[in-house]
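A short write-up of the structure that comes next.
Every chain is numbered from 1 and lettered A, B, ... according to where its sequence line falls, protein lines coming before strand lines. Keep in mind that what you see is a predicted model, and the values were worked out from it rather than measured.
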Amino acid sequence: MKKISCLIIPLAVALCFMSCTKGFEKLNQDPYAITSVDPGLLFTGAERNMNSSAAGVNTGSWDGEQTKVQQYINAYNAGATAGFQFNLDIDGYENDRWNAYTGVIKPLVQIISVIKADQAHKNLYDMARIWKAFAFMTLVDTYGDVPYSEAGKAYLESIGSPKYDKMADIYADLYTELKTATADLSASNEYVSSDLFFGGATGTAAAQVAHWKKIGYSLLLRLGMRYSKLDVAKAASIAQEAFAGGVILSNSDNVVVTQYNGTVPNTFSNLQRNISPYFYYLAEPFVNQLKSTFDPRLKYIGASYANPTTITSSTRDTTTANQYGFPVGYDAVTFLTAPGTRGPKGGGLNYTQLNYDVMVSTVAPALFITNAQTQLLLAEAKLRGWITSGTTAQQFYEAGVRAAMDDWNLFPGTFSPAVSNTEKDNYLLQPAVAYNSTDALKLINTQYWIACITTGTEGFANWRRSGYPALLRNKYNDDLVPGGGFVRRMSYPDAEKASNAANYKAAAASMGGDGITQHVFWDKP
Amino acid sequence: MRKMKRISSYTRTITGIVVILFCSLTASAASGTNKNKTGPFYNLPEKTITSSNVIAKTVTGKVTDNNGGALIGVSVLEKGTSTGAVTNQEGNYSITIAGNNSVLLFQHVGYGTKNETVGGRTVINVVLQTQAKEMNEVVVTALGIRKEARKLGYAASTVKVEEIAQNRTTNLMTSLEGKIAGLEIAPPTAGAGASNRIRLRGQAGFNGQTNSPLIVINGLPMDQGARSAEGGGPATDQGDNLQQVNPDDIETMTVLKGATAAALYGSRASNGAIIITTKSGAKNSKFGVEFTSNFAAATALDYSDYQTEYGTGSNGVRPASQAQAQSFGNLAWGEKYDGVPTYQYDGVKRPYLPDLNRTKQFYNTGTSYVNTLALSGGNATTSYRVSFSNQDAKGISPGNSYHKKIFNLGLNSKVTNKLTLQANINYTHEENNNPPLVGAQGIGFSSFLNRIPLTVAISTLKTSVENPDGSIMSTNPFNNLLTNPYYLIGRMFDYTKRDRLLGTVSLRYDFTKWLYLQGRVNADLGYNNNEANNPSNYAPNAPINSATGGWAGSYSVSTGFNKQLNSDFLLGTTQKIGNFTVDASVGGNMYTVNNNFSSQSVTDFVVRNVYSIPNGITKTQNYTISRSQVNSIYAFADFGYKSFLYLNLTDRSDYFSVLTPPSSIVANPKNSFNYPSASASFIFSELLPNVKWLNFGKLRMSYAKVGNVNGVNPYSGQLTYAIESQLFGSYSVANIAGNGNNPNPYIIPYSVSEKEIGLELRTLHSRLNFDISVYDKRTDDQILPINLSSSSGYTGQNVNIAKLKNTGVEVMIDGTPVKTSNFSWNVSVNGSYNISKVLALNPGQTTQQVTFFNGTGNEFIGYLMYEVGKEMNQLEDYTYLRNDKGQVMLNSSGNLIHSANLVSYGSANYKWIGGVTNTFQYKNLSLLVQVDGKFGGKVFSSTAINGLRSGIGKQSLVGRNGVVFDGVLPNGAQNTISVAPQTFYANYRSQNIGDPFVFSSDFIKLRNITLTYDLTSFMGKKVKFVKGLTLSAFCRNAALIMKRIPTVDPEAFASTSDSRLGYEQHTEPTTRTLGLNLNVKF
């Protein structure tokens, strides 16, 4: 026995050293790692990430789009909190949209690559393409030229520094993508239960496909309408094509995330809610618009708190007459010199803040594409004679306004219904709201502006496209181009200057500079 | 291919030898046991008995040095027995021995040993010669091999162990600051149990890699394991592995500076190595007891220099209400202090005056008590030492405490004539409670105290803490970041418990005088437990989280178990052929890591103020394991010619599991690395015996290459998915895992190659000695975490691309200007100069952002960058926009505009580091005075920018009535627009202009004064059983002689990581420590 052990032990030791890398492959695998996953679960994340504080893609941001269109203001000019309200190009406010690449585009590109030829995931494949087109449309609207054809492919194709594609080219391709993906959706293909909007444990492919076709055509309608300043014929043709395909015409078709809860809250307004609420106020032009028309939505959007610093413990006043927007062009120091200044209140300023229990509650829904938006776009399309429909522009307009009011049914802390029919009727009778063909464009797009209070990117895009409402230039630090005072895009993230230098430089040159006053291609000056 | 063949032939050869040797070893051990029926341990006492056939007799005598001075405490041993004596204060001894055949062995530290056969004598007087000890000094080198220092072809410094035991710091390494050339120690101010930044010859790898040297304790290699505050959010420093070493247990400590020295440890030692051996008693020593007691008290040093003219307020106006006092609470843009009662945040009107000495009022006196008891002894074959140490320390931050218990066992036994067993066990239990939050614009105490105007008194903060409903009383608009410390004290906790067992068992079998085999197993087992919370009602706006309906707050508990096993063997031979000597060895090593980590955390609570998992509303759990293995084979040989020329050659191959992705991804990964080293030592003084002034002269040269995969995590070559722990409504959500990192399965090891030349000279009877090294250390194929354009879907990826180099000079001068029989003065000077330079990044890439200090958290300005062709760790930021004439260009409102591009303000790295230690010895009294300094580094001061923009700093006194900045307006005219200072200075942050906030971080400190009195001779007369008694008093950080940064200590930085270099941000104040150390030997 001893003899044997005296051989076995050293042999065993020696073998350990000799077989230098045996077992390394297995050892270097995480036993808990998931190396393949149902692509539908990735899609759920990509849908949701169209709104989040880390990857806010379509909802905009309070200090970003909503500020540029003068709905909102961060009055405190305290270093890093200064942004578009002071016509400043602050990197921190310009990166959120770009996060679409990591939060939305990366998983979608991965899904598309994995299931491209998979017969069992045909509908998911098309839905992913539609959702990806939506994300890229927002990116082009925000920045102009952006990486498109090479985007999201670091892992799949080892492209770590994607080239930027021309914005007009991207739009052209999005048109094709939306059309073909929407057309390809079929009730005879699979039902995608992981779809956050129209999926779930029970459901049918037929119903889901019907919804998604409406999503596809509604996006196509948006895309067509973007050409209204640039190429009327193209705008008309795409709008008609989209309308004929069938767009969202009911709030039940709305693309909205409603699942937020205590465990996974909507973090869209966390900064405003948690850090220093007294920095943030609704802007005067927006409040004045709602106040002067006795808009029943104002009580859900804004509130006047007894002490602006403690928005949860102080009493809130939502009486329309008591709401005042913060004057654009001033900050928390200079506003004392503004005409009719309301001065300080408590630890903050005596102006209307966000309604933290309703519009920006932690369980508030995230709206992406709504019936209200579609109806209002159709109103303009009809007015311009671009679509063939028995419905009049006024009918579309009024349906849009009513639909926007009904969106509030989804919010916590609202009446049931949120806005009654009587209130809607009364509102539509307001002189500044009632339809008249002379002011129709202004009326329609002003309503679009209001309807987009929580979908900032769309509100900002439509304001640039339509020119309504006609806002006064923001005179703060007004060193922008002559006649400026308006921010028309976001500049690229500073990180691109280092991590994608050559392509960044080419894109900036092509844009005529990487500032905040360049126009995206459809925003013809 | 060729390389692979060579390696496998190696393997075969080694295996063959090992098999043969192991067999013969076990066979001979077995046969030995058969012959003597008693076990090997009983062999020698038997022999002793047989040799003592003669009647006992007593021998007396005196031991003197070569000058005739009495030597005290000389050990006198009867050879082959456990009988011994010690000389008294007159140098006399008395010993009763077996008889005339006995041999007496005289030993004394620093002197040669002497054997005297007793014969017929009863009085034996002995003269012990002073040992020219450095010349024959033995140094513990790689793999625990003891080598004569003269043979080394590279730089190795021996630490004076008694100095670090007397001048004790909670973390062992802290006391080495400024003592060894080329060794940079930087202790952050992060509480009683904080880690150190340890760099040898600069930073060899980029951020994210382990750039600290390898720590080897009794042959057990381990990483420093710094758990430092990374910043970017509330962060704490949780110490490092060197805390688990008791300085009393250390026998030797050697710093192997270069790659050559460490080449045998392979990849983990590319940053050098610190080799520690712990005590295992002395052979032939009586049972002895040693007791050490240490007490130290630390007081906060206050360098703050805030303005005391203007109080809390905004826009030049003081608060007119409680609400305003709260919303202006972080701003000192109010009115001039006038003593008029003014609203404060708690609604009380108090005189409008500054509260001074805030630091002294807030921080406690830190204390530390350490007691160590050691028992040791040994006979002719076996020696042992057991020690137990207990430390209870309190930090200066309220609530911060650190406790540790260290149990250490050392055993050394010659089991048979040929077989030696060495075993060491070190068990540590640590408890680290509430380490201060540092290094972020977060809720740390220091952040609050540096950012709230002096108008609010500490006494007010202490009494006006909470609202009637128990939520925090708002002191300022950012209560969740600038939180009243008195709200957190007692409500917020962070407890870490850590158990660690280090065990080494080593067997060495000497086949013959020239051939031995050594086998060793090291185990490093660690268990960590952490519990922490964020208290409820943290921010005044959210006592209840409306989304969950629960009390806001969070609680987490995590446990980790770490197991590292390191087993190696070494087959060595020594040959002497004429004038040549050869020491050659082959060996192999297997290093495995198995860690697991589980965590549970909850947010929001059903019952208020109860922090437990079941009470939490939203729960998250995780369990992960990390495992890896490195297999190595190596061989080395030392050749000597006569006694003046030595050549050392080594070669090693490492095989890494972390570089082995699934074969479906990479079929044949390059997961191994072979690297050689060569060094030579030429003792030219041997050839110059007639040059009297030169006692010793040695020239050394070396070259080494070491591979490294630091920074490559297990499993990192594969794309995986992650499922979110919380359902979203009824939906599961998946993501691509990896935090945006694109997996790269093609990573190969990077290499560090180092060239070194050194010169050692000893002159004037070794009273003036020099040691100079020059080195050039290059890192190739550096694994660089490059930033990808996030439009690629991923934000970063590791690639093998970058190159950097460290070049430098190290000098040590040791002199004894005065030496008489009663008094001596020794001066030891060390200095080093090091430049770390980035040679290349990704092709086409010229800069690499390490940290954007405004992007990682709620911090402010500046970037830490790598830039090709420049020194490493450049601090960059935007500067003022200037026109062709150099005038600052302002916008039409008279405000600042930043430059188009980032500019560099210089490197955060120190270039010059040095220290001077003076030791004065008068009879039994010795005084040590150490001064050290660091020079040539730059730092961004967040304290300065916060001070300016909030009106607290003295810089903000300029332009109180309106800043009319010296610059030109867009129309070209000289600026005459006056801007409110509050607005103007805020623009430094929004524009990211760094100019006023960059400082030199140079300093000189009177680091250490230690007074030691050896009372042994005094005690010897009266208390016979006391063999030694030493009392010392010390003062650490006695004075800051020079600094250039205002308001803070240049050493007041937060994190020991390489990602936050050059960024000062509201750490805990530095401290001055006064202490007493008592050492008694029985």
**Item:** More than 12 heavy atoms of other groups within 6.0 Å of A:K475 NZ
**Value:** no
**Proximity breakdown for B:N992 and chain A, heavy-atom pairs closer than 4.5 Å** = neither
**Item:** Greatest number of heavy atom pairs closer than 4.5 Å to chain A - which of B:I723, B:V733, B:L788, B:T660
**Value:** B:T660
**Request:** Let me see the working for B:N467 and B:S471 under side-chain hydrogen bond (donor to acceptor under 3.5 Å, both in side chains), right down to the final yes or no.
**Result:** CA-CA 5 Å; B:N467 294 317; B:S471 62; 3.1 Å; yes
**Prompt:** Is there a donor in the side chain of A:Y76 and an acceptor in the side chain of A:D331, or the other way round, less than 3.5 Å apart?
**Reply:** no
**Among B:N742, B:N787, B:T620, residue most engaged with chain A (heavy-atom pairs, under 4.5 Å)** = B:N742
**Message:** Test side-chain contact (heavy atoms from CB on, under 4.5 Å) on A:T35 and B:Y721; report intermediate values, then the result.
**Reply:** CA-CA 6 Å; A:T35 49; B:Y721 301 96; 5.9 Å; no
**Under 4.5 Å from any heavy atom of chain B - which part of A:Y32** = side chain
**Prompt:** If you measure only the distance, is there a donor-acceptor pair under 3.5 Å linking the side chains of B:N631 and B:Q629?
**Reply:** yes
**Message:** Does any backbone or side-chain atom of A:S158 lie under 4.5 Å from a heavy atom of chain B? Answer side chain, backbone, both or neither.
**Reply:** neither
**Message:** Counting only non-hydrogen atoms closer than 4.5 Å, does B:N671 touch chain A with its backbone (N, CA, C, O), its side chain (CB onward), both, or neither?
**Reply:** side chain
**Complete:** Whatever's closer than 4.5 Å to a heavy atom in chain B on A:V146 counts as neither
**Item:** Which portion of A:K345 sits near chain B, non-hydrogen atoms under 4.5 angstrom
**Value:** neither
**Asked** What part of B:S663 lies closer than 4.5 angstrom to a heavy atom of chain A: side chain, backbone, both or neither?
**Response** both
**Prompt:** Any sub-3.5 Å donor-acceptor pair from A:Q259's side-chain atoms to A:L196's backbone N or O?
**Reply:** yes
**Item:** N/O donor-acceptor pair under 3.5 Å between A:S194 side chain and A:G40 backbone
**Value:** yes
**Prompt:** Taking every heavy-atom pair that is under 4.5 Å apart, which of A:E496, A:K497, A:K153 has the most such pairs with chain B?
**Reply:** A:E496
**Request:** Under 4.5 Å heavy-atom distance to chain B, tell me which part of A:E25 shows up: side chain, backbone, both or neither.
**Result:** both
**Prompt:** With only heavy atoms counted, which part of A:A151 is less than 4.5 Å from chain B, the side chain, the backbone, both or neither?
**Reply:** both
**Fill in**
When every non-hydrogen atom of B:A323 is compared with those of A:N307, the smallest separation belongs to CB-ND2, 3.8 Å
**Prompt:** Pick from B:Y623, B:F656, B:Y715, B:F328: which one has the most heavy-atom pairs with chain A under 4.5 Å?
**Reply:** B:Y715
**Asked** Measuring heavy-atom distances to chain B, does A:Q29 have an atom under 4.5 Å in its side chain, in its backbone, in both, or in neither?
**Response** both
**Message:** So which residue, B:V630, B:T983, B:V658, ends up with the most heavy-atom pairs under 4.5 Å with chain A?
**Reply:** B:V658
**Complete:** When the 4.5 angstrom heavy-atom criterion is applied to A:D494 and chain B, the contacting part is side chain
**Item:** Donor-acceptor pair between B:S990 and B:N987 side chains, under 3.5 angstrom
**Value:** yes
**Message:** Quick check on B:Q797 against chain A: is it the side chain, the backbone, both or neither that has a heavy atom closer than 4.5 Å?
**Reply:** neither
**Asked** When heavy-atom pairs shorter than 4.5 Å are enumerated against chain B, which of A:S499, A:G45, A:G199 gives the highest number?
**Response** A:S499
**Request:** Name the region of A:D195, side chain, backbone, both or neither, that has any atom closer than 4.5 Å to a heavy atom of chain B.
**Result:** backbone
**Complete:** Between B:Y655 and B:S672, the two heavy atoms sitting closest are CD2-CB, 3.4 Å
**Request:** Verify whether the ring centers belonging to A:Y164 and A:Y504 lie closer than 6.0 Å.
**Result:** no
**Request:** Please look at B:N315 and chain A and tell me whether the side chain, the backbone, both or neither of the residue comes under 4.5 angstrom of a heavy atom of that chain.
**Result:** side chain
**Pick from A:V333, A:N503, A:T258 with the largest number of heavy-atom pairs that fall under 4.5 Å of chain B** = A:V333
**Request:** Against chain B, work out which of A:D357, A:V37, A:I159, A:N500 has the most heavy-atom pairs shorter than 4.5 Å and name it.
**Result:** A:V37
**Request:** State, without any angle test, whether B:Q982 and B:S314 hold a side-chain donor-acceptor pair at a distance under 3.5 Å.
**Result:** yes
**Request:** Please look at A:L27 and chain B and tell me whether the side chain, the backbone, both or neither of the residue comes under 4.5 angstrom of a heavy atom of that chain.
**Result:** both
**Message:** Looking at chain B, which one of A:Y356, A:Y278, A:Y155, A:Y476 has the largest number of heavy-atom pairs inside 4.5 Å, strictly under?
**Reply:** A:Y155
**Prompt:** Contact part of A:P344 toward chain B, heavy-atom cut-off under 4.5 Å: side chain, backbone, both or neither?
**Reply:** side chain
**Asked** For B:Q849, is it the side chain, the backbone, both, or neither that has a heavy atom closer than 4.5 Å to a heavy atom of chain A?
**Response** neither
**Prompt:** How are the rings of A:W98 and A:Y492 set relative to one another: parallel (under 30°), tilted (30 to 60°) or perpendicular (over 60°)?
**Reply:** perpendicular
**Request:** Report the C-alpha separation of A:T362 and A:N266 in whole Å, then their side-chain angles, then the decisive distance to 0.1 Å, and conclude whether the side-chain contact (heavy atoms from CB on, under 4.5 Å) test is met.
**Result:** CA-CA 5 Å; A:T362 51; A:N266 185 349; 5.6 Å; no
**Asked** Mind checking whether B:Y985 and B:Y988 have parallel, tilted or perpendicular rings, split at 30° and 60°?
**Response** parallel
**Request:** Please answer whether the main-chain N or O of A:V109 pairs with a side-chain N or O of A:S113 as donor and acceptor at a distance below 3.5 Å.
**Result:** no
**Fill in**
Ranking B:S893, B:P662, B:P714 by heavy-atom pairs under 4.5 Å to chain A gives rank one to B:P662
**Structural part of B:L727 lying under 4.5 Å from a heavy atom of chain A** = backbone
**Request:** Among the options A:G262, A:A201, A:S193, A:P107, pick out the one with the most heavy-atom pairs lying under 4.5 Å from chain B.
**Result:** A:G262
**Item:** Interface moiety of B:Y731 toward chain A, non-hydrogen atoms closer than 4.5 Å
**Value:** side chain
**Over all atoms of both residues, closest heavy-atom pair of B:I786 and B:V799** = CG2-CG2, 3.6 Å
